[in-house]
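Chain naming here is simple, since letters A, B, ... match the order of the sequence lines and numbering starts at 1 in each. Predicted model, so just to flag it, every value in this text is computed and none were measured.
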Amino acid sequence: MIQETFSQGHSPIHNLTPRTRTLAAILLAFIIASCHELMPLLMALGGAIILIFTARLNLFKAGRRLLVIAGFLLLIWIVLPLTCGGPVIWQNSFLKIGQTGIDLALELTLKTSSMLLIFLALISTMSTADLAHALHSLKLPPKLVLLLLITYRYIFLIEDELQTMLRAAKIRNFQPGTSLHCYKTYANLLGMLFVRSAERAQRVHKAMLCRAFDGHFHSLTEYHNRPQDYCFLGFILILSVVIIIGEWQIVTLPAIF
Amino acid sequence: MHIAEGVLSGPVIAAGFAVTAVGVGIGLKKLDFEHIAETGILAATFFVASLVHVPVGPSSAHLILNGVIGLLLGWAAFPAIAVALLLQAVFFQFGGFTTLGVNTAIMALPAVVCFYLFAPLLKKPGKIASTAAFSCGLLAVFLSAVLLGGALYFSNENFFEVATIAISTHIPIMIIEGFITLFCIGFLKKVRPEMLP
Amino acid sequence: MKNMHTHSHHHQNNAAAVLALKELSFHYPEGPTILDELNFKLHERDHIGIAAPNGSGKSTLFHLIVGLLRPTAGSIIFNDKKITEEADFKGLRRQVGLLFQNADDQLFFPTVIEDVAFGPLNLGKSKSEALEISRQVLARLDLTDFADRITFKLSGGEKRLVALATVLAMEPKVLLLDEPTAGLDHKTKHKLIDLLNSFTDLSYLVVSHEFDFLTETTNHIYTMENGKILVDEELHIHHHEHAHRSGKQPHRHI
Amino acid sequence: MKNMHTHSHHHQNNAAAVLALKELSFHYPEGPTILDELNFKLHERDHIGIAAPNGSGKSTLFHLIVGLLRPTAGSIIFNDKKITEEADFKGLRRQVGLLFQNADDQLFFPTVIEDVAFGPLNLGKSKSEALEISRQVLARLDLTDFADRITFKLSGGEKRLVALATVLAMEPKVLLLDEPTAGLDHKTKHKLIDLLNSFTDLSYLVVSHEFDFLTETTNHIYTMENGKILVDEELHIHHHEHAHRSGKQPHRHI
Ligand SMILES: Nc1ncnc2c1ncn2[C@@H]1O[C@H](COP(=O)(O)OP(=O)(O)OP(=O)(O)O)[C@@H](O)[C@H]1O
Ligand SMILES: Nc1ncnc2c1ncn2[C@@H]1O[C@H](COP(=O)(O)OP(=O)(O)OP(=O)(O)O)[C@@H](O)[C@H]1O
Ligand SMILES: [Mg+2]
Ligand SMILES: [Mg+2]
């Protein structure tokens, strides 16, 4: 079941306008993505943790979201230390663990988890409809925003259709397995899902025509920044500057430009 | 198939956004308002369908289906996939803002390539059309895996082995996607041929 | 079939005809004839019901009226003007509201208020005007609290009412309602009955398989057969019975 | 509400109970209670109707019975055996056929025959056996000519009948029918009524908002309220009236 687990809530973060949160999340994401050094990445992780607490997210549920990247992190922690060379830390007759790989794996771990936590704290705390309107106010093309709104609206319906069809297969004793019968059944089910969606799309288009739609999307939402929005943006700017300075102190200027 | 945030280097992120911006631009331009509802709803279907887990031996894999979406939408696959990936980021934290460009390109570029390669063959009689459908599913996933590997490798040469592993784990999935695409296109051909290009 | 006449023979009304269909014929490309020289008039404040078998072309007829499909022959006359061009149909669609057979097809935005305001915004209203109209319509349907609800989380009956709100927000003169009661329970059905009975200044045409519902909401019930709209005398008996009944129970109407 | 008793108080039948629900409770994760210590017995050859408001939990109840959802408390007893494990439910599903509220959800193969044969194939029948069973079932429902039709292009009523065929192809002992008449016209409804009345060797439980349909196809009508199945005396009056009526019109039954 698709769920917006964190979108409802009361916290200083939930009180910010979606535009403020989106802007902050995008800014931080790109800054962190360009960092490589330990200090700024630790600061970013610190900032991310502060944001998670400020958003008053259920820590258990938020922690579970980190599992999304666990598989990938496990892979790089196994592979990179063995393959990247650098000063040898430990070795036996088969394996050699190198410093470069450990540094890289640590860097990726810090980056990935801080970016995920920031996304969780700032973006997952709004409904996707709000995100769409925020992106609209940040000048994403209106057609794309409309597409996002429609897609979001119908995923729940279509997921429901899919689940119901899977249940219908189940009550007819269908058991998934590695077999052509199984793949064929899934393919037919999905084919039916696509066909039903295309039919629905025709009806929806007609319904849009009935409401005088002519291709231009007008958003209802207007954002008015309040003091807390300015305060928060200020905080994010300071955090960004601190992270950038942290990165600069080690990397010489010409290397960045 | 997606790359987590924080893995890609600046130039790769920029290249991903450049490709995706062009693709989405062309897609939106070709998308007259007659087809907005269709593209949005098919994007939703694509999103939902890619949540389906199919058994692969003792483990399971989720479907990718970018071959099918390419055949159904052509260039509009770009905006559709971009939107679906943004929703995946929001709901499941698969990727995020910085990887949106690369991840979209990884899935949508093969979709468009397969559209041009295989769409004309689907109308041909029996065997040719079936082979085309199977190849479409297989090749779309293969190209995506290669692009994903490439994006990793160009971000940092030390990712070579990780990229190789990522590509090779997709081999069984390619075959399954081939079959699923074959049957799925067969279904559409029987039931609603006007959906196919 | 003995006791059936075509609609035009039977229905006499001196008020102006808002909508007239003249010898309207239609078939889907390569399909059989669905409508066959159909004649029909809807007068001001007419409340007309249509009960006809599955596949007899009721939804098709509604789609033809608002120009979502084009007739293969015959004409649609709205406010004494023959409607042929898309531009004319655009004007017509502002005044003729269609409630779709499936509410989910008609609610394509995540939140209720966005959805209701979509029509007025497309008609060129400003944001604040559109919001104002939407709030009023929602209030009229007792849905004020629904404004910020997520459409896909509404129940079937709630969706139907919100879909009606999106249609009413376009301020139509004529309503076409396609099986508004399918799958609704008795309570919601009665809410809908009360609502329709409160639309004294609108004309409407309702398709339904439920005679009880039709008798409570319409003055005439027709059927469709062989691509034509017919008067079904048997149904009229139901109707008169109703007239009598609702006379006794005025509390059912708002 | 005065004239309502819970089901168990009222219903007396000395035949064996095929299906018994004991103190069954259910709520969706983080949702309110939907079923609250519900008790119910279905005996052999029982034909029981349930009429209850939208959202009262009828579809949920059906899904619980066939193990698509798991109760939060209480038990499901089938043929005197308590069903708890998925393996037991698998056995139960061979004998309890569920007709979904929406036929479209149940049909996902291109042609009718493929769809009907899907169940028998899953039960381990060979291709030719599965085809043979499917042909027989289609013949029984007067659908022989439909075998090679594209399911998606069938009319609403035809889809419903084919969905029923897919269920019957599993050779169930008990049928659960979830609003089988929604959106059907009178002709198809009567076909369904005749069909149900021909199922003398099956037990079934029908959910419907249409009392006329229930009175023609069932011996008892219950309602659901506050998560329990109740006997509604008012509805029973309808029922007796029906018994009388169908006695006079035996030609309605196959
Ligand atoms: N897009 C289409 N292409 C071809 N045939 C169609 C299409 N839509 C409907 N039909 C056919 O046209 C006929 C009339 O359909 P329509 O939906 O108007 O009937 P209806 O009276 O509204 O039925 P119902 O009571 O089931 O809603 C049916 O036979 C149907 O199969
Ligand atoms: N998957 C779900 N998750 C959470 N709540 C649900 C889910 N499915 C149904 N519900 C809720 O459970 C309640 C009972 O739903 P159910 O579908 O069983 O009712 P019903 O009696 O079949 O109604 P209807 O007459 O509309 O078919 C409703 O309030 C519904 O909103
Ligand atoms: Mg219809
Ligand atoms: Mg139900």
Where does [X] contact chain B at under 4.5 Å (heavy atoms): side chain, backbone, both or neither?
X        : value
A:Thr100 : side chain
A:Ile118 : neither
A:Leu140 : neither
A:Ile26  : both
A:Leu193 : both
A:Leu147 : both
A:Met192 : both
A:Met208 : side chain
A:Leu144 : both
A:Tyr152 : both
A:Cys84  : both

Pick from [options] with the largest number of heavy-atom pairs that fall under 4.5 Å of chain B:
options                               : value
A:Tyr154, A:Tyr183, A:Phe72, A:Phe6   : A:Tyr183
A:Val79, A:Ile78, A:Leu148            : A:Leu148
A:Thr112, A:Leu41, A:Leu110           : A:Thr112
A:Pro141, A:Ala33, A:Cys182, A:Gly177 : A:Gly177
A:Val195, A:Val68, A:Leu190, A:Ile76  : A:Val195
A:Glu107, A:Gln202, A:Glu199          : A:Glu199

Can you check whether A:Phe213 and A:His205 have ring centres sitting under 6.0 Å from each other?
no
Centres of the B:Phe97 and A:Phe30 rings: under 6.0 Å?
no
For the residue pair A:Thr128 and A:Glu4, confirm or rule out a side-chain donor-acceptor distance under 3.5 Å.
yes
Step-by-step side-chain hydrogen bond (donor to acceptor under 3.5 Å, both in side chains) determination, B:Ser144 to B:Asn66:
CA-CA 9 Å; B:Ser144 290; B:Asn66 55 338; 2.9 Å; yes
Shortest non-hydrogen contact from [X] toward [Y]:
X        : Y        : value
B:His170 : B:Ile64  : CD2-CD1, 4.2 Å
A:Ala121 : A:Ala55  : O-CB, 4.0 Å
B:Pro110 : B:Ala140 : CB-O, 3.5 Å

Flag yes if more than 12 heavy atoms outside A:Lys143 fall under 6.0 Å of its NZ atom; otherwise flag no.
yes
I'd like to know whether CD of B:Glu194 has more than 12 heavy-atom contacts from other residues, nucleotides or ligands below 6.0 angstrom.
yes
Candidate pair A:His216 and B:Phe33, rule ring pair (Phe, Tyr, Trp, His ring centres under 6.0 Å), full reasoning
CA-CA 8 Å; A:His216 296 285; B:Phe33 90 100; 8.7 Å; no
A:Arg196 bridged to A:Glu161 by N-O distance under 4.0 Å
yes
Side chain / backbone / both / neither for B:Ile69 at chain A, heavy atoms under 4.5 Å
side chain
Side chain / backbone / both / neither for B:His35 at chain A, heavy atoms under 4.5 Å
neither
